[in-house]
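Structure record follows, encoded as structure tokens.
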Amino acid sequence: MQALTGAPTRRGADEEGYRTMSTEQNIHQVFGAELSPYSVKVRSYCRYKGIPHEWIVRSSRNEEDFRRHAKLPLVPLVVCPDGQVLQDSTPIIEALEARYPEPSIHPDEPVARFVSELLEEFGDEWGNKWMFHYRWAREADQLSAAARLAAAMMPDVDAPTRETIAASIRERMVGRVWFVGSSPETAARIEQSFADGLALLETHLATQPYLFGGRPAFADFGLWGQIYNAWTDPTPREIIEGAAPHTLAWIRRMLEPSALGAFESWATLEPTLLPLLEQQVGRLFLPWSAANARALAAAEQEFTTPLGGQSWTQKPQKYHARSLAALKIKFKQVRSDATLQRVLQSSDCLRWLHDDA
Ligand SMILES: N[C@@H](CCC(=O)N[C@@H](CS)C(=O)NCC(=O)O)C(=O)O
């Protein structure tokens, strides 16, 4: 989007009109994009909670409006009825959850609640490697995503201009896969992690409509945003549709989520959820997170760490160190829970959640 500024913008009575109406009707404006996993995560959350909102596809038509509100050039961006502006999907959901507590997205049991927060973070950060890598690794996915992005961002240009824009988006994004750690060295491991994680999710979702039982939890929104987006891209779509019918049903369910029952007890969830924690979170995501945070603390330009039996090299991801610190604060509040200790210990997650990890 940044590269496309200077594009035609359309402001006027319409936009002013809906803004006034929005305030009067208590409507939240959600600026987002269908191809932004974090945006659809927030939209799915608003739909589930019944929060009055208007989904505004960020495009050349509203760029000026967006920029006026945005502190960061990122979607999602939520303008609340009182004018408060929220950015960053995890804090956005936390802020809205405080104002709209029912139905809660947090299971009551401390162990389930923390595992849900951990999986939300896993979805945002590690699930994003799956999604972003697949979107920009192969020609078919690159072409598909670039064309859809160009159409959404620049709805008013003619077809040849749109194609030129799509080509420039493709070039820019393909050159950025390193940003999430995708490289020739790591590509096979990212794809294996997606296949393995999907197989575990499939087993779990064969018994539950949502990750924590009969209603969506924080984890569903984080993980779903990434997997839903992957499903819109040709290569991961084929993988999902070929191997994971229950996950596919969950992807569709989460577009307009509703409560179908209560949260399940941790004892019921554990047999099929613990393997995901062990294999993907304890073995890959958290060791990667710790190495990333260490590299940032040491102001390194690049870090190399053993991961999944081989070395993994990438530039550190700044945002992630902050969200890991926030997760550690959440952990501090519940770490005395004996079941949680056991679960995190047995999945080899515990040692990464202490302050000095
Ligand atoms: N941590 C942020 C990440 C937001 C983010 O990276 N948004 C991307 C789209 S998924 C973005 O807006 N990129 C710049 C652009 O599209 O112009 C969140 O959870 O909201």
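On a predicted model such as this, the values are computed, not experimentally measured, just so you know. For reference, positions follow the sequence shown, starting with 1. Whatever order the structure lists ligands and atoms in, that order sets their numbers, starting from 1.
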Ligand 1 N/O within reach of T90 N/O, cut-off under 3.5 Å: no
Pick from V75, I93, V42, I169: the one approaching atom 8 (C) of ligand 1 most closely through a non-hydrogen atom: V75
Between S144 and D233: side-chain donor-acceptor atoms closer than 3.5 Å: no
Min heavy-atom dist Q87 to ligand 1 below 4.0 Å: no
Intermediate values then yes/no, side-chain contact (heavy atoms from CB on, under 4.5 Å), E139 and L143: CA-CA 6 Å; E139 188 177 35; L143 291 172; 3.8 Å; yes
Residue P37 vicinity, atoms of ligand 1 by number, heavy atom under 4.0 Å: 10 (S)
Close-contact set for ligand 1 against S36 heavy atoms, below 4.0 Å: 9 (C), 10 (S)
Atoms of ligand 1, numbered as shown, that sit under 4.0 Å from any heavy atom of R58: 15 (C), 17 (O)
Under 3.5 Å side-chain donor-acceptor pair for H28 and E54: no
N/O separation below 3.5 Å, K41 to ligand 1: no
Ring geometry between F303 and W288 (parallel below 30°, tilted from 30 to 60°, perpendicular above 60°): tilted
Nearest option to atom 13 (N) of ligand 1, as decided by whichever heavy atom of L72, L149, L74 sits closest: L74
S289 versus N292, side-chain donor and acceptor atoms under 3.5 Å: no
Plane angle bin for F114 and F331 - parallel if under 30°, tilted between 30 and 60°, otherwise perpendicular: tilted
Residue portion contacting ligand 1 (non-hydrogen atoms closer than 4.0 Å) for P73: backbone
Whether Y48 and F221 hold their rings parallel, tilted or perpendicular, with breakpoints at 30° and 60°: tilted
Proximal atoms of ligand 1 relative to P76 (non-hydrogen, under 4.0 Å): 20 (O)
